[in-house]
Number of protein chains: 2
Amino acid sequence: MTVPKTAADAVKVSRPVAGQDLDASSDDGLLHLGELSGLLGYSLKRAQLRVFEDFLRCVAPLQLTPAQFSVLLLLDQNPGRNQTEIASTLGILRPNFVAMLDALESRELCARMRSASDRRSHILVLTDKGRAVLARAKKLVANKHEARLIELLGPENHAALLEMLAKIAREF
Amino acid sequence: MTVPKTAADAVKVSRPVAGQDLDASSDDGLLHLGELSGLLGYSLKRAQLRVFEDFLRCVAPLQLTPAQFSVLLLLDQNPGRNQTEIASTLGILRPNFVAMLDALESRELCARMRSASDRRSHILVLTDKGRAVLARAKKLVANKHEARLIELLGPENHAALLEMLAKIAREF
DNA sequence: CGATAATTGTTATTAGTTATATCAAACGTC
DNA sequence: GACGTTTGATATAACTAATAACAATTATCG
C-alpha cells in the first residue's frame, strides 16, 4: 500500500503515538512543529523575516529597505569604491546591483562618478542628502528597531546572538 | 533555562577586541562593514543563506528543499490536516502551496485525499515513499547538516541560538 | 609594441519566490 | 433556501536572484 485510499485509512496507518503529546494542541488548532523547532534553518528564516519586517516598519518614513540601508552604510564607511566592490561585499550580484543603484541615484542619495584612474569603473559617493538620510535612518534603526530586539533578548544575549550569526556566516 | 542569562553562558566564540575594527582594511581589498556587523538583520540573513545552502548540499541526494522538507516533517507530525492548516503553519500562502504540493505529489511523497467530513478540503498524507524519504532526509540533516553546525558553535551555543531565534520569531 | 585575456558596468533574460485578486464548489447559519 | 464564509485552485503581478552576453577599457606578456 503506497497511498491510502481513504482519509480514515491514512489516519489509521500513521502512528497515533502514545503519550508523546508533551507539546500542546491535538485539537486547539495549533499544529505540532515537531523536529522543525530544532531545525536551525527554519528558526533562522522565521526570525529573519520578522526582523526585516520590523526594520521596514521602523524605517518606513525614510522609505529604505534593509538592502538599501546596507548600501548607504557601506558607502559611508568605504568612500572611493566602485560598484563591483560594494556589490560583492554585500553579496549582491553585479547585474542586480545596477537597478539598485539607479533607484538610490534617482533619489539623489548617492552618485556614480567616473574614476580618473580606471575609466571603466564608477566611484560611488554618498550625496549630502544621502548622508542626511543615512543619519536619520541610523537613529531610527538604533532607537526603534535594535532597541526593541535588545530589550527582548537582553544586551548580552543580543551580543551573543550577533556573534554566533557572524560566525556562521563566516565559517560555516 | 530558556535563554542563557549571560553572553558568557551562551557563547564562547571570540569577541572582537575594541579598536581592532578601526582600520581593518584601507587597502587590502576588504571593505569596512562598519555598523553593518552590528545589524542583527544583516547577520541573520547572511547566516540564513549559508545554512540553507548547506542544507541543500547535505540533502541533495534526496532532492529536497528546506521548504519541502519542512512540509514532509509537518505532515508526519500532523496527520489528518488539510492544505490550509499545513500552509499557514509554515507561513506559506495557500495559492503558493498548491504548486508545492503538486511537486511533492507528483513524486509520490504525499497525497491529497478528499475529506469525508468536508468535501472542500484535502486531507494530506505522507505516502510510504514519503515516509521513507523523510527518514533518510532526517538522517542526512542530523548527521551532516546539524552536526556541522553544532560542531562549529558547540552544543550549548547551538541550543541557545535556537532558543533565541525561536523567541524572536514568537515574540518580536 | 601588439595580440590576447580579463575586468567594469550594463542589458536582457530566465528562474524562483512572494503576494493579490478571483473563482467554483462546498459548507454554516439564520 | 438565501447569504456569507471557507477551501482549493488559477491567474497574475511584484520582487529577488542568477546567467549569458556585450562594449569599453585595462592588464598581461610574448
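- Contact check, B/Gln83 against D/dT6: no side-chain N or O comes under 4.0 Å of OP1 or OP2.
- Looking at heavy-atom distances under 4.0 Å, A/Asn96 makes contact with a base.
- Here the P atom of nucleotide D/dG4 and the CZ atom of B/Arg120 are 17 Å apart, to the nearest Å.
- Residue order along DNA chain D, read from the 5' end via each residue's closest nucleotide, puts A/Pro95 first among A/Pro95 and A/Ala116.
- One finds a side-chain N or O of B/Thr84 lying less than 4.0 angstrom from the OP1 or OP2 phosphate oxygen of D/dG8.
- Two residues, A/Arg114 and B/Gly91, neighbour DNA chain C, and the one matched to the more 5' nucleotide by heavy-atom proximity is A/Arg114.
- Atom pair B/Leu93:CG and D/dA11:C1' shows a separation of 15 Å (rounding to whole Å applied).
- When distances are taken from the side chain of B/Asn82 to each of D/dT5, D/dG8, D/dT25, the shortest belongs to D/dG8.
- Tested against B/Val71, the residues B/Leu64, B/Thr65, B/Leu90 include a single side chain to side chain contact (heavy atoms under 4.5 Å, CB included) partner, B/Leu90.
- Among the protein residues, B/Arg94 comes within range of no part of the nucleic acid, since none of its heavy atoms lies under 4.0 Å from any strand.
- Considering only heavy atoms from C-beta on, B/Met113 comes within 4.5 Å of B/Val125 through its side chain.
- Between the CZ atom of B/Phe97 and the P atom of D/dA9 there is a distance of 10 Å, given to the nearest Å.
- Looking only at distances, no side-chain donor or acceptor of B/Arg46 sits under 3.5 Å from a matching main-chain atom of A/Ala169.
- At whole-Å resolution of the value, CD in B/Glu105 and C1' in D/dG8 are 12 Å apart.
- The shortest distance between side-chain heavy atoms of A/Gln63 and A/Arg107 falls below 4.5 Å.
- Looking only at distances, no side-chain donor or acceptor of A/Asn82 sits under 3.5 Å from a matching main-chain atom of A/Ile123.
- Among residue pairs with one or both ends in residues 30-44 of chain B, those qualifying as salt bridge (Lys or Arg N to Asp or Glu O under 4.0 Å) are A/Lys138-B/Glu35; sequence neighbours excluded.
- Atom-to-atom, CE of B/Met100 to C1' of D/dT10 comes out at 18 Å; the value is rounded to the nearest Å.
- Mapping B/Arg119 and A/Leu49 onto DNA chain C by nearest heavy atom places A/Leu49 at the nucleotide closer to the 5' end.
- Here the range on DNA chain C touched by chain A, meaning any atom under 4.0 Å from one of its heavy atoms, is C/dT7 to C/dT18.
- Salt bridge annotation for B/Arg148-B/Asp54: present, with a cationic side-chain nitrogen under 4.0 angstrom from a carboxylate oxygen.
- Two residues, A/Ser117 and B/His122, neighbour DNA chain D, and the one matched to the more 5' nucleotide by heavy-atom proximity is B/His122.
- Residue A/Gln68 contributes atom CD, which lies 9 Å from atom P of D/dT16 at whole-angstrom precision.
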